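What you see is a predicted model, and the numbers here were worked out from it, not measured in a lab. Read the numbers this way: they start at 1 and go in the same order the structure lists the ligands and their atoms.
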Amino acid sequence: MSRRDCLDRLQNAAPAVLPSLLLCDFGNLEREVRRLEEAGVAALHLDVMDGHFVPNLTYGMPLVETLRRLTTLPLDVHLMITRPERYLSQFVDAGADLLTFHVEATQEPRPLLEEIRKLGAAGGLALNPATPLESLENSLDLCDLVLVMSVPAGFGGQAFDPIALEKLRRLRELAPRMLLEVDGGVNLSTVAECVSSGAHLLVVGSAIFRHEDYAAQVRRLTQSAAAAALKG
Ligand code: DX5
Ligand code: ZN
């Protein structure tokens, strides 16, 4: 899918709950994807960790490629790796529609954002709770999305850090048209305030995958998000 199509689709779906597949049943990946499609999710969020930028280690291009074959949903790939520039084209080739890397992982985000666009994908910059917003101010014009982490990148199941809400509110003022995503500790207690602070995309891991009925959880989270969006 083209960069424009991907961004339009995500903008139109907002506020949208994006499942983070970290905790899904990898032994039954196809079934998991179908369950999420049936639940009506707008995209899949894939957490790539290298055991270096973060202490945890997950998966890489082959899993993105596998998912690409299983679904037409946009693939939102969140790179938690050092020197992300080494892998951008490989992830786009594997099927990433949206490729996000961390501002802490590079001195020069601009050339990477340019490269992602040249490769035909949408590009995002992520920042950890401890990283000030100023770190990405010079790159905002090249960002298709900003991913505000509400937990330190690395593990699912951590508690939501409200510093993310403050950043979302400031970003909404700084860049009113920017697609804003929040990731970490988003659940039924935190999703509404994420949306009222400006988040369009809500990444959710444990609050979906630790439940039997994914669709019911997606529905509850989406309802709470939509109600918050209506209130403005
Ligand atoms: C954390 C990842 C997240 C996370 C979400 O490094 O980027 O996508 O796994 O999981 P929960 O919702 O459990 O915090
Ligand atoms: Zn993530």
Practice task
Verify the distance criterion only: is there a donor paired with an acceptor across the side chains of S150 and D161 at less than 3.5 Å?
Solution key: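 Result is no, nothing qualifies.
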Exercise for the section: Could you tell me whether the side chains of Q223 and R220 share a donor-acceptor contact shorter than 3.5 Å? Expected result: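 No, no side-chain donor-acceptor pair sits under 3.5 Å.
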Handout entry: CZ-CZ distance between R83 and F101, expressed to the nearest 0.5 angstrom
Key =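 Here the rounded value is 14.0 Å.
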Report yes or no: does [X] contribute a side-chain atom to a donor-acceptor pair with the main-chain N or O of [Y] at less than 3.5 Å?
X	Y	value
S197	E193	yes
E65	A94	no
T106	V103	no
N128	A130	no

Numbering as shown, the atoms of ligand 1 that approach [X] to under 4.0 Å (heavy-atom distance):
X	value
G157	11 (P), 13 (O), 14 (O)
F155	1 (C), 6 (O)
G185	11 (P), 12 (O), 14 (O)
H78	7 (O)
D183	2 (C), 3 (C), 4 (C), 5 (C), 7 (O), 8 (O)
M80	6 (O), 7 (O)
V203	8 (O)
H45	8 (O)

Contact (N/O only, under 3.5 Å) between [X] and ligand 1:
X	answer
L22	no
A153	no
D47	yes
M49	no

Over 12 foreign heavy atoms within 6.0 Å of [atom1], [X]:
X	atom1	answer
E134	CD	yes
F209	CZ	yes
H52	NE2	no

Shortest-distance N/O/S atom, [X] versus the Zn ion (ligand 2):
X	answer
H78	ND1
D47	OD1
D183	OD2

Handout entry: Candidate pair V182 and L201, rule side chain to side chain contact (heavy atoms under 4.5 Å, CB included), full reasoning
Key = CA-CA 6 Å; V182 62; L201 305 177; over 6 Å; no
Practice task
Identify the protein heavy atom lying closest to atom 12 (O) of ligand 1, giving its residue, its atom name and the separation to 0.1 Å.
Solution key: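 Checking every protein heavy atom, the shortest distance to atom 12 (O) of ligand 1 gives G205 N, 2.8 Å.
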Exercise for the section: Look at atom 6 (O) of ligand 1 and say which protein heavy atom is nearest, naming residue and atom and giving the distance to 0.1 Å. Expected result: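 The protein heavy atom lying closest is G154 N, 2.8 Å.
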Exercise for the section: Check whether any heavy atom of G184 sits under 4.0 Å from an atom of ligand 1. Expected result: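 Under 4.0 Å: yes for G184.
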Handout entry: Given R3, R9, R4, R68, the one that forms salt bridge (charged side-chain N to carboxylate O under 4.0 Å, His left out) with D97
Key =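 Per the salt bridge (charged side-chain N to carboxylate O under 4.0 Å, His left out) rule, the option paired with D97 is R68, out of R3, R9, R4, R68.
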Practice task
Answer with side chain, backbone, both or neither: which part of S206 has a heavy atom less than 4.0 angstrom from an atom of ligand 1?
Solution key: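 It is both backbone and side chain that touch ligand 1.
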